*Asks:* 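Below are the structure tokens for one structure; questions will follow.
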Amino acid sequence: MQVNRRGFFKVCAGGMAGTTLAALGFTPITAHASTREYKLIRAKETRNNCTYCSVGCGMLIYSLGDGAKNATSSIFHVEGDPDHPVSRGSLCPKGAGVVDYIHSEQRLKYPEYRAPGSNTWQRISWEDAIDRIARLMKADRDANFQVTNSAGVTVNRWLTTAMFCSSAASNETGVLDQKFSRALGMLAVENQARLCHGPTVAALAPSFGRGAMTNNWNDIKNANVVLVMGGNPAEAHPVGFKWVVEAKNHNKATLLVVDPRFNRSASVADRYAPIRAGSDAAFLLGVINYLLSHDAIHHDYVKAFTNAALLVRDDYSFNDGLFSGYDEKHHKYDKTSWAYALDANGMAQRDDSLQNPRCVINLLKQHVARYTPEMVENICGTSQADFLHVCEQLATTAVPNRTATILYALGWTHHTNGAQIIRAAAMIQLLLGNIGMPGGGINALRGHSNVQGFTDLGLLSQSLPGYLKLPSEKQISLEQYLGENTPHALLPGQVNYWSNTPKFFVSFMKAMFGDAAQASNQWGYDWLPKWDKSYDCLTQAEMMTEGKFTGCLVQGFNPLAAFPDKNKAQRAFSKLKYMVVIDPLSTETASFWQNQGEMNAVDSASIQTEVFRLPSSCFAEENGSVANSSRWLQWHWAAAQPPGEAWNDGKIIGHLFMRLRELYQQEGGVAPEPLLNTRWAYNDPRDPMPEEVAREASGYAVLDIQDVSTQTSLKKGEQLASFAQLRDDGSTASFCWIYCGSWTQAGNQMARRDNADPSGLGAIAGWAWAWPLNRRILYNRASADTQGKAWDPKRALIEWNGTKWVGLDVPDYPVTAAPEKNVGPFIMMQDGMGHLFGLDKLADGPFPEHYEPTESPIGTNPLHPAVTWSPVARLYASDKAMMGTASDFPYVATSYSITELFRHWTKHALLNAIVQPEQFVEIGSELAKEKGIVAGDEVKVSSKRGYIKAKAVVTQRIPRLKIDGKTVDTIGVPCHWGFEGTTRKGFLANTLTPSIGDANSQTPEYKAFLVNVEKV
Ligand code: SF4
């Protein structure tokens, strides 16, 4: 690859200096100076957002084209939007290269088909593709659809075709995906969240009530202490990280970074603490032990706003690594004892003196007492000095006028106890009084640009939009379903907002089934598929290898590169009869049947899967909304048409849906009712417009109604202003109740562009729209004391004015609930409290615990050798047989992302391919010396599941650690290359990773597993 001097400096100006471009010896050739015309003359400017990470940076897209009929616009330049309140005109190297993604040579332009046993693609027409796919789907559905289960209960489910949904498509595509898949009865419906932030929802919802980032990007600047652990935002969310720098420069914040690698975030930290990959829970539980044993907690906050004072049942216990109720045979817990002691009225008992040994806070003290600094050092390899420094810094925020924020990403979620690691962080913030506070919070840094949105929209096996649950086959009636999903309060006078579940659910059913949903048919309850178990990604891969699936639809997802154990995924897909891939780019998944030598050593002729590859638009060619990590729904606009014959995702789903409907109408078939009764009332049902879908997602009046809360009336068809208007009598419809209010009678709230920040606190209420109800900091009632006065007058968010709550943010609280009513600030919780004790909401314990990675370098757990790794992690027998041990694979490997590349997308963009052209792994200098490896050598990294080959980058960034008396080295494995793209061909990094999942979310372990390394 050659790059001239102008190109070289252009690259470096994008912030890419110091990359492997230079490391691998590329040097620019002679410069040719020239002048050029101002390039934006005659251009059309269109607003959009970056399609890569969840910072959601604003973009200005410039295109040429006069807008005349049949004229084609052409995008030729993209730059940062200076008005955008998060990015303020910045783009990182990924965003800066986005034009090369839009015009990538790997963009798909025509529908293509791969016949069984073939080794080539052939072009087909859209009409042919849609018809053949619809017929394959119908044949499989009719053959395998289950109307009832073995007990005779109506289940209306189709278990033999799966759908993997995008994480970068718009919310409006997500709404159509949810309707399409559930109307057909699919249960194997997943999105990227399963493979990234699944544990975030599993941990934060039981802690605070909602499973999302509590604060937002801009608010990070208000922190006094920033702990970055389980993530590397300087590298993975570079523009979001500017708010950390802002906190350091303008708020004198202290930045602490705890990571296995001295990474880019660490390079600007005030203190870097090394840690062994996979030991984060031990570190955080050590912090909790420090805070409790040093009395460094925010007492008033803890007492008033957490469940510290509530009493736990006498039969709850924890001994030798197991909580009470463990069922060894089924590797599950009976969680009955993980509950409060209740009084005669069913309310939780409490002891505000905190003397009762069954108080949550006392059980917690007992639980974490084992995590001494010595134990933390022994398990994590972190020196006691580094560990104690982190504790001391965090402890400085256990006061009303200082806050710490915690930033994490996949470094915490990608573990078998990922949810428990995040729980521990949530508990630290509750003890310090940092939740609900400006500059506080748990900032779960989402990865993909709309993985938040696709999670909000319930595109997971057992979910529905707005974090409603899909009914199970045990819930045989609507009444039973609502009864079991509508919680009762556990303390008197609490909001317990999930008590409104019937309003959310019935409004969803009206949006899903329209006029066909009536009280007389339980709003169409029977038409929803009922689950018997989770058909998550791990389960799907297992079932596919067993030949239990016929087909799968893959939309904007690259599971061959994303599932754990790539070779297993390859075997799984080879068992399918058909696969449909909808994507803007050529992906390894679509080409899983192609022999690529060592990188994909398959026999194409023996793979009988027929594959359809359908070209879709990218973000720059569609209107719609995406939800960034801050829960902001930002509307974007198309700047050009998709290339060639490519279609928008909505048009592809619309055509497939309508073709299937026609087939059932014309030919009949099994259980047509759900499909025929699904509301698909779009102006052109084959090509639904995003604006129509967005209005439906937000919600509207089905009938003329009187809104009691606002004393106003709504006419049939008018948009709702708030989910407070939803009803359970069928008079309102809202596809996703938490999005209700995003498109009101006043118009599209997501398109708002007022970036004013009058307070200077980053409460930018007029930009886009944040769920829920445009609240920018969740649980903001907790920013004020029990009298309703801000804990910190300089950071007043909302306060009680004697009549109501007022301030910078929309109160996340009943506006007229006076402080003396003692309504808890965590309004989604049954007790209104932040949870130090997690009750029965998690699968692996009400308190976090350290468990070793399944592939442990020390092969034991120093805390309880009999229970080394999570006793309830998701592990199939076939995968257990593929686990390695330290005797064969002595080194810990951890996977991660680098600044210049985003997952497996940017390898298709020339600019990014130039700066990171070739696969590499990082090896610590001590290990490299012992192995005779020098920088640039080709090395083979092997696990029990396979191997990759890559260039060695020898570094001092990965320290050698002493763990439980043993020397442990770590290998860094970036995961960006593959056998498709503009970069040099490389191995898929997930070839190495184990197929084992977190017990709560089934999110796989990508961050701590065992490998060997050798020079090739
Ligand atoms: S990848 Fe993330 S940080 Fe970079 S430009 Fe895109 S949204 Fe911004």
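Indexing begins at 1, ligand by ligand and atom by atom, following the structure's order. Position 1 is the first residue of the sequence; numbering continues from there. The structure displayed is predicted, hence computed values, not measured ones.
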*Asks:* Just to verify, what does Arg776 make a salt bridge (charged side-chain N to carboxylate O under 4.0 Å, His left out) with, not counting sequence neighbours?
*Replies:*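 Per chain and number, Arg776 pairs via salt bridge (charged side-chain N to carboxylate O under 4.0 Å, His left out) with no residue.
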*Asks:* Is the closest basic N to carboxylate O distance between Asp270 and Lys248 below 4.0 Å?
*Replies:*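 A salt bridge is present here (some side-chain N lies under 4.0 Å from a carboxylate O).
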*Asks:* By side chain to side chain donor-acceptor pair (under 3.5 Å), which residues pair with Asn191, not counting sequence neighbours?
*Replies:*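 Testing Asn191 for side chain to side chain donor-acceptor pair (under 3.5 Å), a comparison that skips the adjacent residues, returns none.
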*Asks:* Which N, O or S atoms belonging to the protein are less than 2.8 Å from atom 6 (Fe) of ligand 1?
*Replies:*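 Near atom 6 (Fe) of ligand 1, below 2.8 Å, one finds Cys50 SG.
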*Asks:* Take Tyr408 and Thr413 through the test side chain to side chain contact (heavy atoms under 4.5 Å, CB included) and record every step on the way to the result.
*Replies:* CA-CA 9 Å; Tyr408 78 90; Thr413 64; 4.0 Å; yes
*Asks:* Got a sec, which residues hit side chain to side chain donor-acceptor pair (under 3.5 Å) with Lys221, two or more places apart in sequence or on another chain?
*Replies:*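 Not a single residue meets the side chain to side chain donor-acceptor pair (under 3.5 Å) criterion with Lys221.
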*Asks:* Give a yes or no answer on whether the side chain of Asn171 reaches the backbone of Gly174 with a donor-acceptor pair at less than 3.5 Å.
*Replies:*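 No, because the side chain of Asn171 does not come within donor-acceptor range (under 3.5 Å) of the backbone of Gly174.
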